[in-house]
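The block underneath contains the structure these notes are about, expressed in structure tokens.
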Amino acid sequence: MRRNLLRRRVRHIARAIARPFQTSVQFRLLVIAVSFSLISLLLLSLYLSIAMRDGLFERRLDEILGESARSLSQTQTTLNSSTATSTSQVQQTLNDLLPALQSGGTSGREVFLLRAQTNNSPVRVLDLSTAPAAEGLISPAIRDTVTNNPQQQHWQSVNIGPDNPGVIVGAIVDVPQAGAFEVYFLYSLASEQESLTFLQNTIAFAGAVLIGVLATLIYVVTRQIVRPVKQASVAAERIADGNLNERLIVRGQDEVATLARSFNAMTGSLQHQIDQLAQLSAVQRQFVSDVSHELRTPLTTVRMAAEILHESRDDFDPIVKRSTELLHTQLDRFEDLLADLLEISRFDAGAAMLDVEARDLSDTVVRVIDHELPLAEKKGVWISADLGTTSTRADYDSRRVERILRNLLVNAIEHAEGNPITITIGTSPEAVAVVVQDRGIGMDREAVTRVFDRFWRADPARARTTGGSGLGLSIAKEDARLHGGWLEAWGRPGFGSSFRLTLPRRAGIILTSSPIALEHKESLYEAPTPIPADDEHGPASVPRFDSKDDYPEDSDDD
């Protein structure tokens, strides 16, 4: 549990750190530039520090080795000229030699006179040292090296104390009467360490100043470039929201100013064109609305005259009778077209309103089937309805939903080519859906994408029994959108079409999925299922309901 909590916190911190890096170009450029500069400066500082350390050490080591070699030569000369013969005299000679060796260097040093490990002389004198506490710095390794190579001087780096490195130089001298003695000089490199530390601090301070100056310079430069782009982005968002009066401030004559002027010119041109299109659209909507309303009066008069002629058609000769019947039929189509145009004008003007009530969708489906049974029987189309077993109640406008379903069912009957039609209802806690499927001529991809366009037909030359206006599916789409729902289409040439209406159960629910599939259940590579020749219901005589309930009665909403 704690491990998961720690992981979540780490991911949260990582996202919080990465967010400004992903959302800000200026921040990203600043971080990248400063990071590369910092890495380069660290590598350069490391190289300079190593080079200065090695240079200071090697220079000081050369001085130490030269100085100790001269001191050892003088010491050997002094010992060779000594006339001491007794142990006390030899001891006194060494006692006198020790301070001279300590002060013989250019800087303070400690001196150690130790009896050689291979010295077998019977004359025993004491080991001498100017710093007995530091005698432990003389390691057995350097003593062995000095003993095994008595003709040379040898050195070793040591650590005298915190921030106080040193060098020990050792060699063999021959003491008369007392035999071989090891002479060690301990040099402190504290002054060199101080110089190195000062140089490193200077480089670090200069690097920090350089990074600060570089970061400031990068910030200023990127701001000069990114700020206009950011302003253009904000202006573009406001223009996308409909504020076409948004403009950028133009300063100077550089590339950024040219970009601002071009943006303003583009926005002005876009505003002009949108204003023209809006005016044209308003004129078109007003024209459609005015024409639709103005045609109502003469259409009513013509309808009255046509009804009189239609009722008396049996008294006319066959040619006049046929003309009277055609006039009556075309007036029906004309009235439907006017009604559709008025409805489209309401949608365009944003004046369409819903009359929502809680209703059972299955009742509306049954009502639509009953209404279209004569057309299905005339076309020889068999209708099957699966109303499901769960509640299909939802809040919707019965008139508009019934208009949608009637339009879908009529289209399915017209294009079913005598094949069966299936109506299926699906439900979920958030939505109810109706799918109308036919197994007729079907649609290709272009037809599916354009089937809801106004006045569009997949095959304009195809005859229609009902004589539609080409606005039915467009109005159905708008009706579905008005409910906050979906109206979708699917089709394959030769395998039929499918339309799905999905509605939220209650107002305010945002649909994320539909409770029923849109495509046909059978494989696209299987032929449509034929109508049984001995079906007891007959083609379209009575719809078959696949639910367990009997034929549902009309609800009180009828």
Side-chain angles (χ1 to χ4, degrees), residues 332-333 335-344 346-347 352-377 381 383-388 391-414 421-427 431-438 451-452 465-489 498-507 511 514-516 540 542-543 545 547 551-558:
D332 289 339
R333 294 187 60 186
E335 284 186 336
D336 293 339
L337 177 59
L338 277 180
D340 290 344
L341 288 174
L342 283 173
E343 191 67 20
I344 286 291
R346 292 190 191 98
F347 283 121
M353 302 295 292
L354 287 177
D355 183 15
V356 175
E357 290 186 40
R359 299 174 182 271
D360 197 326
L361 186 61
S362 60
D363 294 340
T364 304
V365 172
V366 171
R367 211 162 37 242
V368 170
I369 293 174
D370 288 341
H371 188 274
E372 302 304 332
L373 276 179
L375 176 62
E377 186 174 4
V381 175
I383 300 175
S384 173
D386 181 2
L387 303 181
S391 174
T392 59
R393 292 188 68 82
D395 297 339
Y396 62 89
D397 187 330
S398 178
R399 180 182 66 86
R400 294 183 183 275
V401 172
E402 188 171 334
R403 181 168 61 188
I404 296 173
L405 296 177
R406 184 176 293 118
N407 192 291
L408 298 182
L409 184 55
V410 168
N411 284 339
I413 294 172
E414 288 287 342
I421 293 175
T422 302
I423 301 176
T424 309
I425 298 181
T427 62
V432 292
V434 180
V435 173
V436 179
Q437 296 178 341
D438 68 76
V451 70
F452 297 109
T465 305
T466 57
S469 63
L471 293 173
L473 287 178
S474 299
I475 295 175
K477 184 81 169 181
E478 295 296 337
D479 281 334
R481 185 181 293 113
L482 200 60
H483 284 83
W486 302 333
L487 182 58
E488 303 161 282
S498 177
F499 288 83
R500 179 175 65 187
L501 171 65
T502 307
L503 300 174
R505 283 188 179 269
R506 294 176 302 279
L511 297 179
S514 183
I516 189 170
V542 178
F545 297 97
S547 65
Y551 190 99
E553 298 179 356
D554 292 342
S555 64
D556 296 336
D557 298 332
D558 292 347

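Note that the coordinates shown come from a computational prediction; the quantities given were computed from them, not determined experimentally.
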At their closest point, which heavy atom of [X] faces which heavy atom of [Y], and how far apart are they?
X: Ala489; Y: Val451; value: CB-CG1, 3.9 Å
X: Gly484; Y: Leu511; value: O-CD1, 3.7 Å
X: Ile516; Y: Thr424; value: CD1-CG2, 3.2 Å
X: Thr364; Y: Ser398; value: OG1-OG, 4.3 Å
X: Ile413; Y: Val381; value: O-CG2, 4.1 Å
X: Val436; Y: Ala412; value: CG1-CB, 3.9 Å

[atom1]/[X] to [atom2]/[Y] distance, rounded to the nearest 0.5 angstrom?
X: Glu478; Y: Leu487; atom1: CD; atom2: CG; answer: 10.5 Å
X: Asp438; Y: Ile421; atom1: CG; atom2: CD1; answer: 6.0 Å
X: Leu409; Y: Ile383; atom1: CG; atom2: CD1; answer: 5.0 Å
X: Asp395; Y: Glu357; atom1: CG; atom2: CD; answer: 9.5 Å
X: Leu408; Y: Glu372; atom1: CG; atom2: CD; answer: 11.0 Å
X: Ser514; Y: Arg500; atom1: OG; atom2: CZ; answer: 3.5 Å

Residues Asp355, Arg399: salt bridge by 4.0 Å N-O rule: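 Salt bridge between Asp355 and Arg399, a charged N being under 4.0 Å from a carboxylate O: no.
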Are Ile425 and Asp386 close enough, and set up right, to give a side chain to side chain contact (heavy atoms under 4.5 Å, CB included), and what steps lead you there? CA-CA 6 Å; Ile425 298 181; Asp386 181 2; over 6 Å; no
Results of side chain to side chain donor-acceptor pair (under 3.5 Å) for Asn407 - residues two or more places apart only: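 Listed in chain order: Asn411.
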Report yes or no: does [X] contribute a side-chain atom to a donor-acceptor pair with the main-chain N or O of [Y] at less than 3.5 Å?
X: Thr392; Y: Ser362; value: yes
X: Arg505; Y: Arg393; value: yes
X: Thr422; Y: Gln437; value: no

What class does the angle between the rings of His483 and Tyr396 fall in, given that below 30° is parallel, 30 to 60° is tilted and above 60° is perpendicular?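 Rings of His483 and Tyr396: tilted, as their planes differ by 30° to 60°.
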Do Val432 and Ser391 have side-chain heavy atoms sitting under 4.5 Å apart?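 When only atoms from C-beta onward are counted, Ser391 and Val432 do not touch, as no gap falls below 4.5 Å.
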With respect to Asp479, which candidate in Val401, Leu501, Ile404, Asp397 satisfies the side chain to side chain contact (heavy atoms under 4.5 Å, CB included) definition?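 When side chain to side chain contact (heavy atoms under 4.5 Å, CB included) is applied between Asp479 and each of Val401, Leu501, Ile404, Asp397, only Ile404 qualifies.
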